[in-house]
Number of protein chains: 2
Amino acid sequence: MATNASSTEDVPPEEAQPTKQNGEANQNNKPAKDTNAGHESLKYSLLGPSLTKAGQDSVDQSKVSEIIYEASKGSKFFSREEAKDKILTAKISHILAKKARLDKLDLTRDLRAADTLIAQLELSRDLTQHIVHLDCDAFYAAVELLDRPELADVPFAVGGGVLTTCNYVARKFGCRSGMAGFVAKKLCPQLVFLPLNFEKYNAKAAEVREVLAEYDPRFESASIDEAYLNITEYCAEKGMGPAEVVEQMRREIHEKTKITVSAGIAANSKLAKICSNMNKPNGQFVLPSDRTAIMEFMRDLPCRKLNGVGRVFERELAAVGVKTCGDIYGQRQYLNQLFGEKAYEFLMTCYLGLGRTSVQPAEEYERKSVGTESTFKDMSDPVQLREKLRWTAEELEKDMRRAECKGRTLVLKVKLHTYEVFTRQVVTPKAVYLADDLYNYSLPILAKLEQERPGMKLRLMGLRCTHLVSTKKPDTLAFFGLKPRRTESAGSADEQSGSPHAKRVQRDGEWEQWPEEALDGYELEMDKDGTSETREQSGSPFRRHGKEVLSNPTPKKAQSVPEEEWWDCPICSRPQAANERLFNEHIDLCLSRQAIRDTVQQEAALSSTGSTGTTPESRRSGSVGEKKRGRPAHGRGPDPRQKKLCFG
Amino acid sequence: MATNASSTEDVPPEEAQPTKQNGEANQNNKPAKDTNAGHESLKYSLLGPSLTKAGQDSVDQSKVSEIIYEASKGSKFFSREEAKDKILTAKISHILAKKARLDKLDLTRDLRAADTLIAQLELSRDLTQHIVHLDCDAFYAAVELLDRPELADVPFAVGGGVLTTCNYVARKFGCRSGMAGFVAKKLCPQLVFLPLNFEKYNAKAAEVREVLAEYDPRFESASIDEAYLNITEYCAEKGMGPAEVVEQMRREIHEKTKITVSAGIAANSKLAKICSNMNKPNGQFVLPSDRTAIMEFMRDLPCRKLNGVGRVFERELAAVGVKTCGDIYGQRQYLNQLFGEKAYEFLMTCYLGLGRTSVQPAEEYERKSVGTESTFKDMSDPVQLREKLRWTAEELEKDMRRAECKGRTLVLKVKLHTYEVFTRQVVTPKAVYLADDLYNYSLPILAKLEQERPGMKLRLMGLRCTHLVSTKKPDTLAFFGLKPRRTESAGSADEQSGSPHAKRVQRDGEWEQWPEEALDGYELEMDKDGTSETREQSGSPFRRHGKEVLSNPTPKKAQSVPEEEWWDCPICSRPQAANERLFNEHIDLCLSRQAIRDTVQQEAALSSTGSTGTTPESRRSGSVGEKKRGRPAHGRGPDPRQKKLCFG
DNA sequence: GTGGAGTCC
DNA sequence: AATGGGACTCCAC
DNA sequence: GGGCAAGTT
DNA sequence: TCGTAACTTGCCC
Ligand SMILES: Nc1ncnc2c1ncn2[C@H]1C[C@H](O)[C@@H](COP(=O)(O)OP(=O)(O)OP(=O)(O)O)O1
Ligand SMILES: Nc1ncnc2c1ncn2[C@H]1C[C@H](O)[C@@H](COP(=O)(O)OP(=O)(O)OP(=O)(O)O)O1
Ligand SMILES: [Mg+2]
Ligand SMILES: [Mg+2]
């Protein structure tokens, strides 16, 4: 139990700087402290990705770290982590070297560029909106607790092999999301394991959203247990303050759903997200919409708290002297060169505490991929692998049906027994979704992989479709503002096995049952003392905790919408609004689809604020919808839930 | 007469590289070749700014250079040029040093950024349009020749102190635009000097434009003697090829106006501009709208031929190994760091041979400044200087009346007897244009300047208004497409001495006569043997060869336009369309005028192609006007005549 | 925003 | 003896 | 566009 | 009890 300096807090270890001290150590030809220093960062890494985000601390991280380290030592997983840690350490010293070389250069240009950017960004600051980020407390655990009230005071976790979450009792022991079950058990031998019940979580999530819609009908579901709301309008109408509104909302959620939520209230979504973690669980935090208050808040905020900053980036930043967001300013002249344009701009907005002030329903975003993957016992037999691929393809077909789309490229993913991951993709001659197609097109690349590494032993296989084309009718949904969901899609346009199969049950995110594959059935039900050790079954078709795009529940009145006519694009076969000009525009667009897509994307990235790009979609907006200032009704933009490092 | 290597052609001298050779020379402590090397670049510089553009060569530049050098030697002007040359040489060695330091760095990121940019730009290539650049041959000279046919075969120039142009006979002697008269006389003792007659040039220019309107009613006047046309439509309608059309057009111009023009035909305006110089005079050149043809054309094109590349940039580029546009590619990883974002992007588009394919009438651009300046005998007496300032202010008032605008900031410019130039500006508490105001507001900054440099001796004084506010009614002119000019502006909105004084005579660019200031009258008429050396009088109110925005002549039918109503913005006092939404939008905008202006500007610069910014103006466009593909009816954009290095 | 430099006609 | 005038853009501060 | 690393829930 | 699954973005080649 090495009680080294600064290891009782969840702060990252100091980077071993190539200083004189280190040089001296090398002179001795004996890296005395190096073994230890190596452990430092590795141990920190082993703490897992969800470290600071979990909210509750007051845990002796050094003990936790030690236990995890001991539990992990020697495993293949550990080796892999070790290797990655080495690589990262090398990468960081490379960064530092580059910074040193950069220092010899004249950086005034970069400095001024940064200041210009800051000034420009500052102009875009909007403090007029009240954005709320809501996050359910220990969500899966909370849901499970409703059915198992006796677990209220005992530490328990949801998920077996890896914890998806655990209750706050368990967190006191150091248990966290993403932690291996057996490690958690070491940390907390009394820990109870519960299996996953996605239906329940989805149903509960729907209940919560039901309440949210009253406060902002255009709220944005950011994940199964999170949402953003813009309550500016609500506050104005009701003559209430934001904190007051959120208290009421949280009370109402608690009453109606019996679960507790935490909330952050701030001028933009990035800040709100950070704030929702401040008073977890069952609390809320208001960051005043005041420039200096925001700047001070950011100044002392550890970078790791930022939404796009994980273990790796945290270490890299710390190495160049950036630990808090306030530190960013002092290093602004390096950041572009060291970390690239995107990260640089992201960090700038973070330093300033800027973020999105728009909030848009999830169904206005375009899903970009559908996939499935599973872990299994090490496998190298080619026949078995083909069986597994077949099975994976069938799983994927189900998901594709549910998603109502096909894919034009197929990605095969494998993880070796060493935890090395490889992916290989093919573009299919046509958009596919049937298991047969998925299998037949992915088989060759699996074969090629086998050839590349003969006798490879797999622990995971996955398939994913990208370059999706929707088979849903309401492709242009967003153009006309929030259209109610009952499209029912009696489509004849894309007859190719049109799968009018997927009917959604209203508002609980369920769908018609698919024939449950009878499989390696571990239908485990863990008892409370956690003795019956069963492998988690993650192959259930209800395992979704990924992308499930549901309409926001309509709060009161259902608005009526005229029945539109649709024309199908001969190129992409997506239905289009029956308007000649628009249709032609779309075809033009489609003809150089990818090219234009890339261009637009890059442009959007370049021009940070306001400018709307050139797609016909964006051209269309502006005539209908909310005229609420600062909350324009966007057409399908990028997915704001994702923490793209880009501001906006 | 030093006949040094490579001095018989108009190529710039080699930069004295800081190579070993140079280092050795320094060891000798005797810069043996340095004196010579210094002369090289200085002589080249003395050749004047309009070197390669003049078109005709086959002149022994070494002789010319030598004569100019000898004629200039010892003058204050020469000293100043010498000093500037030194500074530039130093700057270039600084650039080279930076490049060397850059070489120690990892430039793969910059390299890839450049390649990405190239790819992106390539996507925007539009080869579908036929753009023509027309340029009158030796324009002023050609116009003068019509009245003096006996000068056909004798070398003559227009303008006294400095030649504005000269005929092609004179050019054989090395005479050029911008050359000092006395120098030209040394080069060509027989040279005849003619005084300027701006009325004639403007009238003739209008005649030419009359013809142009038949071929493209939306042609763009780029200067008094140049225009861009998009003849794609015309070609299609008439079933003629571009070369054929342009031949016909040039023939027609020659028949109707008796002057000859040269033309370049290419896929975009940048290329067309270059091409119009290829077969001057009275010739045309077609660059095939074929990617590889264009790339090859650019590959061997000296950078100096590019519209934004002058003497200085040419030398800087040559120093880093970029002499032709093809050379740009090899150095692309350095260009951003060495020359800045704008120059970098500009050079990239040049390497690719890309440029604007849009052409828009001049009246759709917004003038940004109005000014006047004049050179005089060295003057340091404060009283005289005040008189001069007073006179300048009065000149400016006239120009402001003609321009129908006021200015919110005032720029005083002085040139010392040493040719050093200084400017000082003030923002006026309100928009001004009256001579009294101009004088009273600029006097303090003149005084301050006098204080800064006691006893300063001036050779030039100028005043310029910027941040203009128009007092014309049709502020929103561009929104409704090309509106005919007869606005007549019986304005009552801005009553403050509304100056309904400026009435324009139709289509010849003249305006009502202002009381001619009786001044130091040198009403010179030079005789053909050029013995009577008189100082050019440039103070005439008809001296305009600057910005005179005239409507394109309407080719056949005059379109009728409904009489609009105008509301005046309480902030900027500019008239606005009488539409409540638009008006409110405008006011919002005005309230944070500068801030937003800057933002938009920067954004426009950032997002290179297509994206349209966020001003209400730009939002408005798109519903009316040409639906011609690739020729969108723009709202007031930036002035494309100006060679901003930005691609667009 | 200010001042200087470069560019073009 | 002696080197223009109007306008615009970009950059560094 | 392919492959991979990183981040988030 | 034996280190998840689904999804996105960004960088590099
Ligand atoms: N690494 C993970 N893998 C799979 N599922 C996860 C993972 N992390 C979280 N989840 C699931 C389970 C969580 O209950 C749910 C919401 O996550 P999150 O909000 O981050 O934590 P939490 O709601 O469980 O606790 P809290 O928000 O109180 O910290 O998402
Ligand atoms: N410094 C200057 N350089 C060039 N032209 C100038 C200058 N000052 C005034 N002008 C006027 C006179 C020109 O006739 C007119 C058009 O210029 P420009 O087209 O460049 O040359 P040009 O028409 O005289 O000859 P050409 O086009 O045949 O080379 O602009
Ligand atoms: Mg949560
Ligand atoms: Mg000309």
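In what follows, chains carry the letters A, B, and so on, assigned in the order in which the sequence lines appear, proteins first and then strands, with residues in each chain numbered from 1.
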Of A:Val421 and A:Glu226, the one whose nearest nucleotide on DNA chain E sits closer to the 5' end is A:Val421

Under-3.5 Å donor-acceptor pair between A:Ser72 side chain and F:dG3 base: yes

Looking for any heavy atom pair under 4.0 Å, which part of the strands does B:Val427 touch: base, sugar-phosphate only, or nothing? sugar-phosphate

When we call it a touch if two heavy atoms are under 4.0 Å apart, what does A:Glu81 touch: a base, just sugar-phosphate, or nothing? nothing

Taking the same atom, P, in F:dT4 and in E:dA5, what whole-Å distance lies between them? 16 Å

For the backbone of A:Asp135 and the side chain of A:Ser276, can you confirm whether one donor and one acceptor N or O come within less than 3.5 Å of each other? no

Could you state the CG-C1' distance from B:Leu306 to C:dT7, rounded to the nearest angstrom? 13 Å

Using a 4.0 Å heavy-atom cut-off, does B:Phe78 contact any base of the nucleic acid, only the sugar-phosphate backbone, or nothing at all? nothing

Could you tell me whether B:Leu163 contacts a base, only the sugar-phosphate backbone, or nothing, with contacts defined as non-hydrogen atoms closer than 4.0 Å? nothing

Roughly how many Å is it from CZ in B:Phe313 to C1' in D:dT9, rounded to a whole number? 13 Å

For A:Lys273, which contact category applies under a 4.0 Å heavy-atom criterion: base, sugar-phosphate, or nothing? sugar-phosphate

Remember a base hit wins even if backbone is also touched, and classify B:Thr108 as base, sugar-phosphate or nothing at under 4.0 Å, heavy atoms. nothing

For A:Thr108, the side-chain hydrogen bond (donor to acceptor under 3.5 Å, both in side chains) test, sequence neighbours excluded, returns A:Asp106

Over all strands shown, is A:Phe139 touching base, sugar-phosphate only, or nothing at heavy-atom distances under 4.0 angstrom? nothing

Would you say B:Phe77 stacks on D:dT3, if stacking means ring centres under 5.5 Å apart and planes within less than 30 degrees? yes

Looking at every strand, decide which applies to B:Thr423 at a 4.0 Å heavy-atom threshold: base, sugar-phosphate, or nothing. sugar-phosphate

Sequence-distant partners of A:Phe139, ring pair (Phe, Tyr, Trp, His ring centres under 6.0 Å), two or more places apart: none

